[in-house]
Visitor: 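First, the structure itself, so that you have it in front of you.
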Amino acid sequence: MSINYKLLTPGPLTTSSTVRDEMLVDHCTWDDDYKQITQQIRKDLLKIAQVGDDYTAVLMQGSGTFGVESVITSAVGSDERVLILTNGAYGERIVQIARTAGVPHNVLNWNYDEVPQADVVRDHLAANPDVTHVAMVHCETTSGILNELEPIAKVVKDAGLTFIVDAMSSFGGIPIAVGELGIDFIISSANKCIQGVPGFSFIIARRDALETCKGKARSLSLDLYDQWAGMDGDGKWRYTSPTHTVLAFAQAIRELEAEGGVSARYERYSENNEILISGLRELGIQTYVGDEHQSPIITTFFYPEGATFSFQDMYDYIKERGYAIYPGKVTEADTFRIGNIGEIYPDDMRKVVEIIGEYLNQVDTQKGQEQ
Ligand SMILES: *Cc1c(COP(=O)(O)O)cnc(C)c1O
């Protein structure tokens with residue numbers, strides 16, 4: 001079977017053939033080579049997060065949501081309370097996690113095209129002294145909006161609270177000074193900006209914050225403290241690990257370094273994103289998020305004007321020409337999304353703009369003929 005299109009989706013995404021090649025061997029999990037690979041990944045993740053020895057990295061089986069669920073259900077005790085900031089589906093998923101596990105929580109909502117405001121968070125914390133943790137999403141992949149970590153981090157740290165960040169779709173693609181911001185737990189997964197394949201998530205945590213998780217977990221397999229305790233000594237995962245994914249991820253990290261690290265990757269993603277947005281604007285297609293908050297990861301576009309537009313029709317047209325795009329996820333408008341992360345380059349962006357231009361022309365011509 002051969003798939004002849006590239007993924008313009010925010011993960012799983014298009015990986016390099018060298019990353020995929022790593023998965024052609026079956027590695028055992030108990031021997032020193034393998035445990036060493038795990039330990040090297042954990043070390044490399046700390047470097048990517050710009051943190052020192054006061055932090056540690058834990059790898060957790062499952063997709064990104066498993067990592068978020070592990071943190072929320074392990075870090076927030078039954079006598080504590082987490083304030084969750086939401087402006088999209090992934091913030092709302094954190095609320096769902098808390099509700100399902102019975103984790104005490106408060107919620108502050110913003111519209112999907114607005115970023116969480118630090119002064120609102122400050123007022124809420126002043127009025128709710130029982131809040132002990134604050135959780136938010138960095139890049140809300142729902143819309144592509146990039147939430148501002150710095151002002152919120154300042155409010156959370158001024159209040160002496162624990163700060164949890166879902167940086168699933170930004171970590172490795174946008175520089176984040178985790179230590180400087182005082183983030184206590186930051187979560188991402190193998191198949192986003194590090195450009196690996198799906199199979200596990202990872203958590204970078206301040207050691208002293210992680211120590212407080214002991215005995216708090218509501219789940220055996222998602223117990224963050226126990227996962228860390230098992231892994232920290234010699235790199236042994238508690239339960240069967242996704243070996244092929246781990247090997248691919250180690251290679252993906254080497255390729256991130258070879259590209260020039262996070263700042264170089266950020267430059268490439270930003271260039272991809274600028275070409276995409278300016279190209280589609282020339283075709284009369286507008287973005288949902290204002291430029292000041294648009295992430296360089298994924299962009300939500302309004303449907304072009306014209307009653308004959310069908311997303312499915314355009315999707316098929318683009319896919320036949322080599323790219324898979326993404327349906328919209330914002331609730332109040334007709335939109336589609338295009339991601340520009342993964343093994344994707346400016347030429348891909350120029351090509352996809354050209355294909356969409358051709359498609360719209362063809363639809364226009366058909367319309368003309370019908371009249
Ligand atoms: C991808 C993503 C997740 C996790 O999704 P999974 O499908 O569980 O991998 C969580 N939060 C954000 C912001 C994401 O982009």
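Atoms within a ligand are numbered from 1 in the order they appear, just like the ligands themselves.
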Visitor: Taking all heavy atoms of Met60 and all of Ser221, pick out the closest pair and write down the distance.
Guide: SD-O, 3.7 Å

Visitor: Please report the closest heavy-atom contact between Thr300 and Gly144, naming both atoms and the distance.
Guide: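 So the two residues come closest at OG1-N, 4.4 Å.
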
Visitor: Below 6.0 angstrom between ring centroids: does that apply to Tyr288 and Tyr112?
Guide: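 No, the ring centres sit 6.0 Å or more apart.
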
Visitor: Could you list each N/O atom of ligand 1 together with any protein N/O atom closer than 3.5 Å, one pair per line with the distance?
Guide:
residue	atom	partner	partner atom	Å
ligand 1	8 (O)	Ser63	OG	2.5
ligand 1	8 (O)	Gly64	N	3.4
ligand 1	8 (O)	Thr65	N	2.8
ligand 1	8 (O)	Thr65	OG1	2.5
ligand 1	9 (O)	Gly64	N	3.0
ligand 1	11 (N)	Asp166	OD1	3.4
ligand 1	11 (N)	Asp166	OD2	2.7
ligand 1	15 (O)	Thr141	OG1	2.4
ligand 1	15 (O)	Lys192	NZ	2.8

Visitor: Which class fits the ring pair Tyr315 and Phe311: parallel under 30°, tilted 30 to 60°, perpendicular over 60°?
Guide: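 Plane angle between 30° and 60°, so tilted.
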
Visitor: Phe200 and Phe249: aromatic ring centres closer than 6.0 Å?
Guide: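 For Phe200 and Phe249, the ring centres are under 6.0 Å apart.
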
Visitor: Can you find a side-chain donor-acceptor pair between Thr86 and Asn109 that sits under 3.5 Å?
Guide: yes

